[in-house]
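Chain identifiers are assigned alphabetically (A, B, ...) following the order of the sequence lines, protein sequences preceding nucleic acid strands; residue numbering begins at 1 within each chain.
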Amino acid sequence: MTTQRIYSLPNCKLVVEGFTSESESETVLGRPLMSIVTNVECHFLEREQPLTGGREFLESLAAAVSGYAQEYLSGIARVGDRHAAHAVQIHAIDKNHHRLLVQPQAADQTLSFPAPTQIDLNTVQLFDLVEAIDQFYADTQTLPEVSLKLTSLPRRQAVTQREPVAKQALPAAVGVSGLAVAALAFFLVPVPKEVRRPQPSSSTPQESPLAASSSSPSGSPSGSPSSSPGSASNNASGSASPSAAVAASSPNTSPSSSPSANGSPSPAAGATAVSPGATAAADTLFRTAPEISDPAQLEQLTTGLYNKLDQGWKKAPTFSEPLVYRVGVSQTGEILGFKFANDAALNYLNEVPLAEVQFNPNASPQQSIAQFKVVFKPNGVLEVSPWYGRSDSPSSP
Amino acid sequence: MNQQNSPMLRREKPPGFDKILLISITAMQVNSPPVRSMSMILDTLSDPHIPDGACPRRTRQQIDFLLLAIEALDLAGSEAILAAAQELELTDIIKGRVGLWRLRATNPLRRNSQRRPLSLNEAKALVIITCNLARRLTVLIRQLLLAYDQLLEKQLSPEHHLRLANYLERFRAHFRSRMNPKRSGVLAYSTDEKLNELALTLLGELLFCTGTAGPQRLWSSLFDGEVA
């Protein structure tokens, strides 16, 4: 027996015609089971012609509309079965309009290929269609095997509702490139050379007036000014960095040197009679020239130096404490240069014969020198002894 | 009798799903304690495969937004939510006004967003209430959507329809007073136009909630893109 079942909504009416079986199911719910569908019509309110088809049409329509309804509800597109050429397709034109496309059934085609039927629906009409389908699904007496199957879209199949990858990658890229630029900038900053710890020592404050006086080392021939010999005397392996030495206003890298430097401005002015180049060069000499260490030679040089200085020291001493100098003497006994070993030495330099010593810039730095400790005592006594060796000081009568 | 010529045409409207549900619920109420009817309602919604049985962000956000839209539609919306909870015997899950607020405040965009998870049962209860209330407002929802469609055709702004403009204004006010303006998800709705768009989208979604399979469709859509 042919039966029609109609699912009627304000904008859409779904008519399903088919055969019902007059079996025991009639008594159960009062309605017979329709298991075979012969004709389906989908009427829309404003269209005269309904969409027609058979069971395949019905199933295709139901599946497409149901999936689209889920897309509409969640806002996440389902790409999966879009590509297959289904008989019924539906997609969005914009948020409020939806396009239903029905491909003509293969059986109906003649020689020509009719265009697919296209119906535009607004949201309310779409909902009425969905509701009609849902009522058909819910009807257990019509094609009971065809029912509502809803599955949430798995994460992998969800089309990007999220930001596009490019936009997501942008902050990460900015961060990494910023890090690279910073790393490069820091790489270009020069590594500080060996940082010398300040060495508090007895000789260091004495070196400071020297450094204060030679605070314009720009003329120094070797370019490595006063700081080095002071430290060389303190630690044999000291080698001041050129960059640290450039700031000659911080002499000898010793913090204790500055108070003593401030305490003696005027004698420093007096001591500037000594050519700055001489003292600077003397430092280099002391530092770089090889030492004469032969005891016999040292003895000889000691005597020679003593005689020379004794003859030259004519002025009566006005100072009250001994003046100590470090004098460099060549193999021939010639005085090559000297350094102050205490403050008083600087102050009263003009009273001792060392003031006339002019350093010879042409002297070869490889020439061996002997270093002596020369002490001018207030009682008129002169003492000369090797700087490093055992002192053997002949005293004048 | 020629059965082929005069087929018995029977016009049948299949019973709505919710009617079956209500009938069975009332039958059950006579015989069994309310707990069983509650679990029956909740069982109509299947459990999705998500970790820890806690609802993802989008789910919590969407549920709260839909309830917000219902409150904007109906002046008595907030009370109606609580009344529906009582009617549907869901008060074990939604314990009064504060309990309802705490559940809705799991929406991460709220000002005082609660850092508690929203369990599946709680979400199901809210979904069922939403669909129940939406059904009661079916006529109004359809009216507003049809009016909006007509305005679009004439290229007029939504302000020209009084009821629609009221809905949009109330939605904007509720949204702004409850959502945390510093969240980027809220900044996306900083202008009136964007909020109007959101309100109309939610209105369309509420329409789908009024259907026969409304709760199932809404529930399934809440987990789109979230399940493994």
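Between B:His161 and B:Tyr148, the gap from one ring centroid to the other reaches at least 6.0 Å.
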Query raised in the report: Do A:Thr142 and A:Tyr7 pass the side chain to side chain donor-acceptor pair (under 3.5 Å) test, and can you show the C-alpha distance, the side-chain angles, and the key distance before you say yes or no?
Result: CA-CA 12 Å; A:Thr142 307; A:Tyr7 310 95; 3.3 Å; yes
Report task. Kindly indicate, with the supporting measurements, whether the criterion salt bridge (charged side-chain N to carboxylate O under 4.0 Å, His left out) is fulfilled by A:Arg55 and A:Glu145. Result -> CA-CA 12 Å; A:Arg55 177 175 172 150; A:Glu145 64 275 14; 2.9 Å; yes
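Both the backbone and the side chain of B:Thr210 come within contact range of chain A, each with at least one heavy atom under 4.5 Å from a heavy atom of that chain. At a 4.5 Å heavy-atom cutoff, the contact between A:Leu148 and chain B is made by side-chain atoms alone. Of the atoms belonging to B:Leu222, not a single heavy atom falls under 4.5 Å from chain A.
No hydrogens or angles considered: a donor-acceptor pair under 3.5 Å links the side chains of B:Asn132 and B:Arg136.
Checking side-chain atoms of B:Tyr167 against main-chain N and O of B:Ala199 turns up a donor-acceptor pair under 3.5 Å. B:Ser220 contributes no side-chain N or O that, together with a main-chain N or O of B:Gln216, makes up a donor-acceptor pair within less than 3.5 Å.
By number of non-hydrogen pairs under 4.5 angstrom with chain B, the leading residue of A:Thr123, A:Leu126, A:Val124, A:Val15 is A:Val124.
Between B:Trp219 and B:Phe223, the angle of the ring planes goes over 60°, which puts this pair in the perpendicular group of the 30/60° scheme.
Other residues, nucleotides and ligands contribute at most 12 non-hydrogen atoms within 6.0 Å of the CD atom of A:Gln49.
Within residues 47-69 of chain B, the residues having any heavy atom under 4.5 Å from a heavy atom of chain A are, by residue number, B:Arg58, B:Gln62.
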